[in-house]
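Working notes for the structure below.
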Amino acid sequence: MTTSERMKMAAGEWYTCLDQELEALRVAARDAVFEHNGLPPRQRGDIGPALRSLLGSTGEGARIEGQFHCAYGFNLFLGDGVFLNAGCTVLDTAPVRIGKRTLLGPNVQIYCAEHHREAAGRQAGLEIAKPVTIGADAWIGGSAIILGGVNIGEGAIVGAGAVVTRDVAANTTVVGNPARPVRQR
């Protein structure tokens, strides 16, 4: 049985991102993102029409400011009232789930794709996709980076510029590179 690169990506297995089917899906995402970023804000509304139809799901009142970028779109799931500020990038090779009322500051970046550690693997386009989940009522500060495989709990705060490489417990504040919990007084 032949397994497509898209099926491997969805299963969390090593796949080649140089695949024609995956490239076609990225082109569709780029077109939707271009429309979203190019429409006047009053005409675009909370999310541009092509981008809204591409996303995995969008809760009521979810909003994405321009300039936004995503790799595929169909792996991005937004809860009610989610807000992505200007300049956010979501490389959604795996599912990215953002809970209700969560706020992402400007230029937050979420990277689900991990490239191969060996040069030959990278040259062949080998990647593995790891999901990201952010719970409800979280706040992700501007320019924070969240790596694949990370879960951020409800009510958590990620400080501006933090690099999140491991899970963050609910109602915990993390800062720094790599992000570490702030001691509560």
Side-chain angles (χ1 to χ4, degrees), residues 6 9-10 22-113 129-164 167-168 170-175 179:
R6 182 177 182 180
M9 183 177 80
L22 293 178
E23 177 60 18
L25 293 168
R26 289 189 299 269
V27 167
R30 286 193 297 267
D31 286 345
V33 165
F34 182 83
E35 178 200 71
H36 172 83
N37 291 331
L39 285 171
R42 288 186 183 160
Q43 189 178 350
R44 177 184 68 222
D46 289 337
I47 302 172
L51 183 58
R52 181 179 296 279
S53 68
L54 184 67
L55 297 179
S57 67
T58 54
E60 185 175 331
R63 181 177 185 85
I64 300 174
E65 292 290 342
Q67 295 291 307
F68 171 74
H69 177 77
C70 65
Y72 294 98
F74 57 77
N75 275 328
L76 182 54
F77 303 86
L78 307 177
D80 295 342
V82 166
F83 179 74
L84 277 64
N85 211 326
C88 287
T89 296
V90 181
L91 300 184
D92 60 327
T93 55
V96 174
R97 299 181 187 285
I98 303 176
K100 295 178 180 181
R101 299 172 302 278
T102 287
L103 308 173
L104 275 64
N107 301 310
V108 168
Q109 300 169 59
I110 300 173
Y111 304 147
C112 294
K130 298 180 179 179
V132 170
T133 301
I134 304 172
D137 299 307
W139 175 23
I140 313 300
S143 296
I145 297 172
I146 301 168
L147 298 184
V150 168
N151 294 304
I152 297 174
E154 289 189 13
I157 298 172
V158 173
V163 178
V164 184
D167 291 353
V168 176
N171 302 308
T172 300
T173 299
V174 297
V175 297

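Quick note: residue numbers are just sequence positions, from 1.
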* side-chain contact (heavy atoms from CB on, under 4.5 Å) with Ile146: which of Val132, Val96, Asn151? -> Val132
* Asked: Are more than 12 heavy atoms from other residues, nucleotides or ligands located less than 6.0 Å from atom CD of Glu23?
  -> yes
* **Cationic tip of Arg6 above Phe74 ring, under 6.0 Å, 45° of axis** => yes
* How close do Cys88 and Leu104 get, heavy atom to heavy atom, and via which atoms? -> SG-CB, 4.2 Å
* Structure fact -> When every non-hydrogen atom of Gly149 is compared with those of Lys130, the smallest separation belongs to N-CB, 3.3 Å
* Asked: Rounded to the nearest 0.5 Å, what separation is found between the CZ atom of Phe83 and the CG atom of Leu78?
  -> 12.0 Å
* Asked: Between Arg44 and His36, what is the shortest heavy-atom contact and its length?
  -> CD-O, 3.0 Å
* So do the side chains of Arg97 and Pro95 get within less than 4.5 Å of each other, counting heavy atoms only? -> yes
* Taking every non-hydrogen atom, the tightest pair across Gly159 and Ala144 -> O-CB, 4.0 Å
* Just by distance, do the side chain of Thr102 and the backbone of Gly135 share a donor-acceptor pair under 3.5 Å? -> yes
* **Minimal non-hydrogen separation, Val33 against Cys70, with atom names** => CG2-SG, 3.8 Å
* Atom CD of Glu154 and atom CG of Asp137: how far apart are they, to the nearest 0.5 Å? -> 7.0 Å
* To do: Could you tell me the separation between the CD atom of Gln67 and the OG1 atom of Thr89, rounded to the nearest 0.5 Å?
  => 10.0 Å
* Quick one: CG on Leu55 to OG on Ser53, what's the gap to the nearest 0.5 Å? -> 8.0 Å
* Closest contact, heavy atoms only, Pro131 versus Ala94 -> N-CB, 3.5 Å
* Is any side-chain heavy atom of Ile134 less than 4.5 Å from a side-chain heavy atom of Val158? -> no
* N/O donor-acceptor pair under 3.5 Å between Asp80 side chain and Gly59 backbone -> no
* Structure fact -> dist Ile64:CD1 -> Leu84:CG (nearest 0.5 Å) comes out at 5.5 Å
* Structure fact -> Separation between CD1 (Ile152) and CD1 (Ile98), nearest 0.5 Å, reads 9.0 Å
